[in-house]
Undergrad: 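Below: one structure in structure tokens.
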Amino acid sequence: MSPVHDGSTGASLPSVTLADIRRARERIAPIARRTPLVYSAALSERVGTAVHLKLECLQVTGSFKVRGAANRMLQLTAEEKARGVVTVSTGNHGRAVAYVAGRLGIPAVICMSERVPAGKVEAIRALGAEVVLHGEGYDEAERHSFRLQRERGLVRIEGFDDPFVIAGQGTIGLELLEDLPGIDTAIVPLSGGGLISGIALALKSGERLIRVVGVSQDRAPVMVHSLRAGRPIELPEEETLADALAGGIGIENRHTFRMVRELVDETVLVTEEEIAAGIVFALEQDRLVVEGGGAVGIAALLHGHVSGLGRTVAVVVSGGNIASRLLHTLLEGASSGEGRDA
Ligand SMILES: *Cc1c(COP(=O)(O)O)cnc(C)c1O
């Protein structure tokens with residue numbers, strides 16, 4: 001691991017190497033699950049090529065985020081572990097940090113705004129973390145988390161822009177290479193880019209040419225617009241069914257922007273209707289409960305957005321944390337033919 005920069009905005013040493021991902025795999029094995037890869041007959045038939053699903057919706061805590069969080073937290077010194085960790089998240093990252101902290105006996109503080117629904121607060125509290133509610137929105141909660149970090153000497157656990165987190169997510173790439181040696185294309189949900197950076201690094205380290213395609217929601221896809229602009233940019237956040245993909249990449253992004261630019265072959269966008277159709281398809285055809293952010297790859301395939309697939313495709317189904325009520329609404333909308341506005 002060499003998160004060393006030369007101080008300029010240009011060249012820097014690689015943030016993560018294949019060796020880092022291999023080490024991450026051994027390190028996190030006691031905490032994160034090796035998830036199944038399943039062939040989807042229904043999707044293969046629709047697309048006309050063999051499609052396999054990497055089921056991170058069956059990962060502990062319901063998303064892949066536990067891989068990166070575990071790899072990062074297992075690097076802490078005994079002294080850091082005793083003081084504890086802090087992060088800002090209402091979603092999958094917060095859950096993962098709380099879970100790993102519980103497993104390792106590390107105190108964890110998860111900051112959220114006072115407007116976060118009680119259900120999300122309870123889910124994280126139930127994992128044993130200390131939830132601190134502060135302010136009206138994400139920014140205030142984040143500022144408060146920096147205050148607590150300073151006051152209590154906590155270590156901040158980043159959601160994506162951290163070499164250890166990226167290496168942890170990259171362990172999915174190693175599993176894909178083992179379970180699907182003939183893989184031609186990997187389709188991966190894309191937000192901050194930790195997931196796809198790690199996976200792309202692992203997949204591109206071998207002999208075979210493997211295409212890596214990122215999929216984002218078309219509502220405020222910050223990484224995709226940043227790639228077009230040639231630098232990290234900010235966009236106002238928008239509501240989306242793929243709530244795990246909402247949010248920025250950090251204007252001071254250090255690792256993932258560059259890695260995505262160098263390693264990802266193509267990015268595509270999906271609409272809200274397409275995401276809804278992906279969620280419903282996963283449930284009805286493959287009997288899988290998938291959240292919006294986890295369904296964008298399926299959505300992109302179903303709607304013909306990805307070209308040059310080759311003969312063997314893997315779709316990373318990144319998470320399954322969807323509220324039952326939302327799932328119910330989407331299913332009703334689909335069966336009454338009204339789409340997601342039902
Ligand atoms: C966090 C998350 C993503 C996006 O991962 P990044 O590393 O931010 O690109 C995709 N799907 C789910 C379910 C997530 O929780």
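Residue numbers run from 1 in the order of the sequence given. Whatever order the structure lists ligands and atoms in, that order sets their numbers, starting from 1.
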Undergrad: Do Asp286 and Ser40 have a side chain donor and acceptor closer than 3.5 Å?
TA: yes
Undergrad: Apart from Leu209 itself, which Ile, Leu, Val, Met, Phe, Trp or Tyr residues share its cluster (side-chain heavy atoms under 4.5 Å, direct or through members)?
TA: none
Undergrad: Using distance alone, with no hydrogens and no angle criterion, decide if Arg147 and His144 have a side-chain donor and acceptor under 3.5 Å apart.
TA: yes
Undergrad: Pick whichever of Leu195, Val316, Val188, Leu190 has a heavy atom sitting closest to atom 7 (O) of ligand 1.
TA: Leu195
Undergrad: Going by the atom numbers of ligand 1, which of them fall below 4.0 Å from some non-hydrogen atom of Asn92?
TA: 13 (C), 14 (C), 15 (O)
Undergrad: Which residue, Arg311, Arg211, Arg208, forms the salt bridge (charged side-chain N to carboxylate O under 4.0 Å, His left out) with Asp184?
TA: Arg208
Undergrad: On the ring face of Tyr138, is Arg115 found with NZ or CZ under 6.0 Å from the centre and within 45° of the axis?
TA: no
Undergrad: Would you indicate whether the side-chain heavy atoms of Val97 and Val85 approach each other to under 4.5 Å?
TA: yes
Undergrad: Answer yes or no: does atom CD of Glu238 have more than 12 heavy-atom neighbours from other residues, nucleotides or ligands under 6.0 Å?
TA: yes
Undergrad: Is there a polar contact, in the sense of an N or O pair closer than 3.5 Å, between Ser63 and ligand 1?
TA: no
Undergrad: Test your reading of the structure: does Gly192 have an N or O sitting under 3.5 Å from an N or O of ligand 1?
TA: yes
Undergrad: Val316 versus Pro189: any side-chain heavy-atom pair under 4.5 Å?
TA: yes
Undergrad: Can you list the ligand 1 atoms lying under 4.0 Å from a non-hydrogen atom of Ser318?
TA: 10 (C), 11 (N), 12 (C), 13 (C)
Undergrad: Taking heavy atoms and a distance under 4.0 Å, where does Lys65 meet ligand 1: side chain, backbone, both or neither?
TA: side chain
Undergrad: Give the atoms of ligand 1, by number and element, whose distance to some non-hydrogen atom of Glu291 is under 4.0 Å.
TA: 13 (C)
Undergrad: Tell me whether ligand 1 is touched by Ile196 - counting only heavy atoms on the residue side and a distance under 4.0 Å.
TA: no
Undergrad: Decide side chain to side chain donor-acceptor pair (under 3.5 Å) for Glu136 and Ser113; before the verdict, give the C-alpha distance in whole Å, the side-chain angles of both, and the deciding distance to 0.1 Å.
TA: CA-CA 5 Å; Glu136 291 293 300; Ser113 94; over 6 Å; no
Undergrad: Within ligand 1, which atoms have a heavy atom of Gly193 less than 4.0 Å away?
TA: 6 (P), 7 (O), 8 (O), 9 (O)
Undergrad: Is Ala244 close to ligand 1, meaning an N/O of one under 3.5 Å from an N/O of the other?
TA: no
Undergrad: Counting each atom of ligand 1 from 1 as listed, which ones have a heavy atom of Leu245 under 4.0 Å away?
TA: 3 (C), 4 (C), 10 (C), 11 (N)
Undergrad: Suppose we measure from atom 5 (O) of ligand 1 to each protein heavy atom; which comes out shortest, and what is that distance?
TA: Phe64 CZ, 3.4 Å
Undergrad: Run the numbers for me: atoms of ligand 1, each under 4.0 Å from some heavy atom of Gly319, listed by number.
TA: 13 (C)
Undergrad: Using a strict 4.0 Å cut-off to heavy atoms of Gly194, name the atoms of ligand 1 that fall inside it.
TA: 6 (P), 7 (O), 9 (O)
